[in-house]
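Accompanying notes for the structure given below.
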Number of protein chains: 2
Amino acid sequence: MSDARTAPEPGDFDLQKVLEALVDPVRRSILAQLDAAGEDLRCGLVDIPVSKSTATHHFKVLREAGLIRQYYVGTARMSGLRRAEVEEAFPGLLDIVIPRHATVP
Amino acid sequence: MSDARTAPEPGDFDLQKVLEALVDPVRRSILAQLDAAGEDLRCGLVDIPVSKSTATHHFKVLREAGLIRQYYVGTARMSGLRRAEVEEAFPGLLDIVIPRHATVP
DNA sequence: CCATAAGTACGATCGCTGTCAAACTACGAA
DNA sequence: TTCGTAGTTTGACAGCGATCGTACTTATGG
C-alpha cells in the first residue's frame with residue numbers, strides 16, 4: 001500500500017499516523033517549506049539538517065500519513081502539500097501546525 | 001515550573017509539547033473522557049488500560065502541555081480539560097483530536 | 001490512632017523512532 | 001557508454017518514552 005510512486009488515496013486519513021507525522025519538528029519544517037513554496041518541490045530543495053537517507057525517511061512518513069503527495073520527474077522526486085485534502089479532513093490543523101506568519105526579520 | 005499542585009500558566013502553550021502529548025492514544029482518551037464528562041474528574045474515574053503509575057505519568061504530560069488543569073480535593077486529584085484556553089491557542093484542535101461522536105463505552 | 005484508599009516517586013525494562021553511512025538504482029548529459 | 005546527480009534501501013546504533021512493580025506520602029473513616 002502507498003507505493004513510493006503513488007500519491008496516497010484521498011479521504012482515508014488515520015489520525016494516529018497524522019499526529020505521529022506532525023510530532024517531529026523536521027517534518028513540520030518540511031510541510032512549512034512546501035506550503036511557503038506554493039508549488040511542488042524537489043526533495044533536495046527542502047532545507048532540513050539531516051542526511052539524505054533520513055530525509056527520505058521523513059518524506060515517507062509524511063506521504064504515508066497522507067500529508068504530502070510525491071511523484072517522479074526524471075530522477076527528481078517532487079513533493080507537494082496536500083493542503084485541500086488535509087484541510088477537509090482536519091479543518092484548521094495545518095494553520096496550527098505550520099508556522100506561516102513567522103515573518104523572520 | 002508547573003508544580004504538581006498548580007495549574008499551568010495560561011497562554012504559554014508550546015506546540016511541540018502539545019503535539020507530544022496528543023500523539024499518545026491513551027492521553028487522547030483521557031482528554032475525550034474529561035470532555036465527555038463535562039466536569040472535572042478524579043484520576044481514578046478515568047478509564048484507561050494502564051497501571052496507576054503510568055496513569056500518573058500521562059496526566060502529568062497532559063498538565064505540563066497545558067491541556068488539563070489539576071488540583072487536589074482531599075486525597076483525590078481532580079482533572080479538568082482546559083477547553084477554552086486550548087481552543088483559543090489552537091482553534092479547532094480539540095475537535096480534531098478528540099473523538100466526540102464516538103460513544104466511548 | 002490505625003487501616004485503607006488515592007496518587008506520587010523511583011528505578012528498570014523494552015520497543016520504537018530518528019539518525020547516519022554505505023551500497024545501490026535510475027535517469028540525464030557528455 | 002560512461003559519468004555524475006538524485007534519491008532509495010539497508011543495516012546499525014542511540015536515545016527517548018511508555019510501561020510496570022514497589023515503595024512512599026497523605027488524607028479520610030472507623
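As a basis for the values below, the full set of heavy atoms in this structure was taken, side chains included, without hydrogen atoms, waters or symmetry mates. On a predicted model such as this, the values are computed, not experimentally measured, just so you know. To find a chain, count down the sequence lines: A is the first, B the second, and so on, and within it residues start at 1.
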Original post:
Roughly how many Å is it from CZ in Phe59(A) to P in dT19(C), rounded to a whole number?
Top reply: 13 Å
Subject >> Residue that, paired with Ile98(B), satisfies side chain to side chain contact (heavy atoms under 4.5 Å, CB included) out of Asp95(B), Ile96(B), Leu94(B) >> reply: Leu94(B)
Original post:
What is the distance from NZ of Lys17(B) to P of dC16(D), rounded to the nearest Å?
Top reply: 13 Å
Original post:
Should the heavy atoms of other residues, nucleotides or ligands under 6.0 Å from CD of Gln16(A) be counted, would the total exceed 12?
Top reply: yes
Subject >> N or O in side chain of His58(B) less than 4.0 angstrom from dT19(D) OP1/OP2 >> reply: yes
**OP:** Could you tell me the separation between the CG atom of Leu62(A) and the P atom of dT17(C), rounded to a whole number of Å?
**Re:** 14 Å
**OP:** Measure from the side chain of Asp24(A), starting at C-beta and using heavy atoms only, and say which of dG7(D), dA18(D), dG18(C) lies closest.
**Re:** dG18(C)
**OP:** Answer yes or no: is there a side-chain heavy-atom contact under 4.5 Å between Arg42(B) and Met78(B)?
**Re:** yes
**OP:** Take Val26(A) and Val73(A), find for each the nucleotide of DNA chain C with the closest heavy atom, and name the residue whose nucleotide sits nearer the 5' end.
**Re:** Val26(A)
**OP:** Send over the distance from Tyr72(B) OH to dT26(D) C1', rounded to a whole Å.
**Re:** 9 Å
Original post:
How long is the line joining CD1 of Ile48(B) and P of dG7(C), in whole Å?
Top reply: 11 Å
Subject >> Value in whole Å for how far the P atom of dT26(D) lies from OH of Tyr71(B) >> reply: 21 Å
Original post:
Does the Arg27(A) side chain pair with the main chain of Glu20(A), one donor and one acceptor, at a distance under 3.5 Å?
Top reply: yes
Original post:
Considering heavy-atom distances to DNA chain C, does Gly74(A) or Ala76(B) have its closest nucleotide positioned more toward the 5' end?
Top reply: Ala76(B)
Original post:
Think Arg42(A) has a side-chain N or O under 4.0 angstrom from the OP1 or OP2 of dT5(D)?
Top reply: no
**OP:** Answer with yes or no whether Thr56(A) presents, from its side chain, a donor or acceptor under 3.5 Å of a partner atom in the base of dG7(D).
**Re:** no
Original post:
Expressed in angstrom and rounded to an integer, what is the separation of Glu64(B) atom CD from dA18(D) atom C1'?
Top reply: 15 Å
Subject >> Length of the line joining Glu20(A):CD and dG17(D):P, which is rounded to integer Å >> reply: 14 Å
**OP:** Check whether any side-chain N or O of Ser53(A) sits under 4.0 Å from OP1 or OP2 of dA21(C), and answer yes or no.
**Re:** no
**OP:** Return no unless some side-chain N or O of Thr75(A) is found under 4.0 Å from OP1 or OP2 of dT5(D).
**Re:** no
Subject >> Residue-phosphate contact under 4.0 Å: Ser51(A) side-chain N/O, dC20(C) OP1/OP2 >> reply: yes
Subject >> Pairwise side-chain contact, Leu93(A) with Leu22(A), heavy-atom cut-off 4.5 Å (strictly under) >> reply: yes
**OP:** Among the candidates dT19(D), dG7(D), dG7(C), find the nucleotide nearest to the side-chain atoms of Lys52(B).
**Re:** dG7(C)
